[in-house]
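This report refers to the structure that appears directly beneath it.
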Amino acid sequence: MEILYFAVAAAVLALVFAVILTRRVLAEDEGDETMRTIAAAIQQGAAAFLRREYTFLAFFVGAAFIVLAVFVDYDTLDRYPEAQGEMTDIPRTAIAYVLGALASAFAGYVGMYVAVRANVRTAAKARDGGLNGALRVAFSSGSVMGVTVTGLSLGSLAILYILFQHPGPLAGFAFGASSIALFARVGGGIYTKAADVGGDLVGKVEAGIPEDDPRNPATIADNVGDNVGDVAGMGADLFESYTGSIVATISLATIAVIGVSENGLFEESAVAEYSSDAFVLPMLIMGIGIVASIIGTFFVRTSEGASMGRLLWALRTGIFGASGLVLVGTAVALLAMDLDFKLFWAVLVGLVAGQVIGTATEYYTAYEFSPTQKLAQQAETGAGTLVIGGLGLGMLSTAIPLLAIASATLITYELAGLYGIALAAVGMLSPLSITLASDAYGPVADNAGGIAEQAHLPPEVRERTDALDSLGNTTAATGKGFAIGSAVLTSLALMVTYAQTVGISSFNLLDVNVLIGLLLGSLMPFVFGALTMGAVGRAAVAMVNEVRRQFRERPGIMEGTEDPDYARTVDIATTGALREMIIPGVLAVAAPIVVGIFLGPEALGGLLVGSIGTGAVLALMMANAGGAWDNAKKYIEAGHLGGKGSEAHKAAVVGDTVGDPFKDTSGPALNILLKLMSIVAVVFGPLFLT
């Protein structure tokens, strides 16, 4: 029991640290009046989007609460009253679901609130305090997101576990987190890429004006999109991964320690054993990870004029330091609890696998390495060859991450069975507070560069923000690979949890229902990817037409005598994103329920297997191809192959336009799809038993 209180204490520490960092960031100088005006427009646009998105999600959450209360909580209680633990007179899963949704939404809101205020302060610090000062402000903003996500997730799960004294309802909390994550990722991704694609195609290619030029009507919408997609969306995504890994590990601990009854549900003894070491170990490791990550943030600093390599190592120092502290803390905890030390190696394998995935992603997407440099060279012969090369690079880049995941799965299974696989996901995500910080800081640096351009700050300011932005692109690419890798391990663990929940020991591929489920599951990532890609395309068309209209009807914009209508483009991006996110989101929730009802629990297991297999590969391919196209463009803009304005640059802009929805909408959303379908299966699985 004391370990659970340690988890709560670590969560509280994370939230207190978030408050301290927020106060520190907000105390920084906001710059001159022009900078503050630009920042205010970004803040208003981001707040308006989240307000409208969360209003829609409130209706979805309310409907899901009713369904869970009626069909899951009370139905299961009527059939299996002995398996429910404490507080069975309330709809525990439904309540946990709402809490998970609220926590995920709040974490995203806090991260975005700080990010849209840190951007202008980062620009001001780059002007007055140099590169290290700007890095510290931007990274502190990202750290707020990191510790808020981990603190809210771990604290909520520990408190719910103490109150309910049973792991079952925690799946409802994970379901709530997954629901918000999917809509936040898809909606934010559609928004940001509609604005980015529209602004680039008309501004860079047609009008020939620089990126973030204040004459481009889509500039503010693009800056808003960086925050609602890459901050709020990414935060909700990893909140879900973090939550799912803990819930899956606890559920598998139930199976490993206690076992299941003939009807597939938890034995009554689970209530008495809920505080055993195997149950609480994942929360202990996550608590250690929070403390280690907070310590690691103090290691992140650099010097003026630092190279990209030095900047990257500034972040790596913090991440590696935190990971090392996690390992030390885990070893001490296992020895103190007298648990099998093989569990330590499972955690280590998870951390190593995450690093391998991140390093491989960096190699294939960063322009310091040959794959992206060679891709940029293909731009000299046109956009067609560049797109072909990017697709091939993305496909090839899936090999190392998938081999790392497969190896980690095999090794951890040999070490500690199914529980070991889930524990590897916990190990991979344990230093999430700092790994998410290194990802979430990127949009802040990107916005800072945009503010510097629009406010006409001295060239050296933009050079500093561009250095931070380039680093942010690399960390964003590695962050997406890390998120996908952790999603696969978590989904595998949740799939096993589902199988045990419904009492299935294996999925027989010779069974026609399982085979049909497998095929449908393999199809789901492609249908989902097509829907989200199409959504970006339609929203981008509306943005392109609006920017063209403003340039055509208001010639004073290009001459600098008339201001663009930024509010109109922000509204177009918001409306398009909210309209287009509904069908993909509903499909992800409905598909496993429909398959379970009409084809049975075995077919639903096949659906999960198929979706994980194709979804993991497709997500990695999309994320890495998109990152490589983006950095190939930046490689040319850095002065190579003719630089800005060259034919190669125009081709690279087209390639980046194709890659934008790959890497920032469809690819990242796929890993949420895998986890969401798995957790839906876990929550609703008992209803499909005949």
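Scope of the values below: all heavy atoms of this structure, side chains included, with no hydrogens, waters or symmetry mates. Values in this document were obtained by computation on a predicted structure and should not be read as measured data.
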Quick check: closest heavy atoms across [X] and [Y], and the distance to 0.1 Å?
X: A171; Y: V682; result: CB-CG1, 4.0 Å
X: S241; Y: L429; result: O-CD1, 3.4 Å
X: Y364; Y: L396; result: OH-CG, 3.9 Å
X: M428; Y: L489; result: CE-CD1, 3.5 Å
X: A577; Y: I190; result: CA-CG2, 3.7 Å
X: P592; Y: L607; result: CA-CD2, 3.7 Å

Before giving the answer on side-chain contact (heavy atoms from CB on, under 4.5 Å), spell out for L520 and L599 the whole-Å C-alpha distance, their side-chain angles and the decisive distance to 0.1 Å.
-> CA-CA 11 Å; L520 292 176; L599 296 178; 4.3 Å; yes
Quick one: [atom1] on [X] to [atom2] on [Y], what's the gap to the nearest 0.5 Å?
X: L676; Y: L670; atom1: CG; atom2: CG; value: 12.5 Å
X: T657; Y: K193; atom1: OG1; atom2: NZ; value: 9.5 Å
X: I66; Y: F71; atom1: CD1; atom2: CZ; value: 10.5 Å
X: K675; Y: S611; atom1: NZ; atom2: OG; value: 12.5 Å
X: I388; Y: L393; atom1: CD1; atom2: CG; value: 13.5 Å
X: E602; Y: F507; atom1: CD; atom2: CZ; value: 8.0 Å

Candidate pair W629 and K663, rule side-chain contact (heavy atoms from CB on, under 4.5 Å), full reasoning | CA-CA 10 Å; W629 277 318; K663 67 182 178 65; over 6 Å; no
Near-ring test Y97/F173, centroid separation under 6.0 angstrom |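 They do not qualify: ring centres at least 6.0 Å apart.
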No-hydrogen, no-angle side-chain donor-acceptor test under 3.5 Å, T150 and S433 |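 Present: a donor and an acceptor within the cut-off.
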Please tabulate, for the side chains in residues 525-539, all donor-acceptor contacts under 3.5 angstrom to protein atoms that are two or more places apart in sequence or on a different chain.
residue	atom	partner	partner atom	Å
T532	OG1	F528	O	3.1
T532	OG1	G529	O	3.0
T532	OG1	S666	OG	2.7
R538	NE	E580	OE2	2.9
R538	NH2	E580	OE1	2.9

Within the distance-only criterion (no hydrogens, no angle test), does the side chain of [X] pair as donor or acceptor with the backbone N or O of [Y] below 3.5 angstrom?
X: T490; Y: A487; result: no
X: T372; Y: T365; result: yes
X: S156; Y: L152; result: yes
X: S104; Y: A101; result: no
X: T385; Y: Q378; result: yes
X: S245; Y: V426; result: no

Would you say [X] and [Y] make side-chain contact, with heavy atoms under 4.5 Å?
X: L57; Y: I180; value: yes
X: V72; Y: V683; value: yes
X: Y441; Y: M145; value: no
X: S678; Y: L674; value: no
X: F688; Y: V502; value: no
X: M622; Y: T665; value: no
X: Q500; Y: T497; value: no

Within 6.0 Å of [atom1] in [X], more than 12 heavy atoms from elsewhere:
X: Y113; atom1: OH; answer: no
X: F65; atom1: CZ; answer: yes
X: F106; atom1: CZ; answer: no

Partner set under side-chain hydrogen bond (donor to acceptor under 3.5 Å, both in side chains) for D656, not counting sequence neighbours = K633
What side-chain donor-acceptor pairs closer than 3.5 Å can you find for residues 398-410, not counting sequence neighbours?
residue	atom	partner	partner atom	Å
T398	OG1	M395	O	2.7
S407	OG	L403	O	2.8
T409	OG1	I405	O	2.8

S153, S179, S178 screened by side-chain hydrogen bond (donor to acceptor under 3.5 Å, both in side chains) with E240, the one that passes | S178
Intermediate values then yes/no, side-chain contact (heavy atoms from CB on, under 4.5 Å), F183 and F60 | CA-CA 10 Å; F183 285 108; F60 180 88; 4.0 Å; yes
Stepwise side-chain contact (heavy atoms from CB on, under 4.5 Å) test for L578 and F49 | CA-CA 9 Å; L578 296 180; F49 175 81; 4.0 Å; yes
In a check of side-chain contact (heavy atoms from CB on, under 4.5 Å) between L252 and each of V496, V247, I421, L423, which one passes?
-> V496
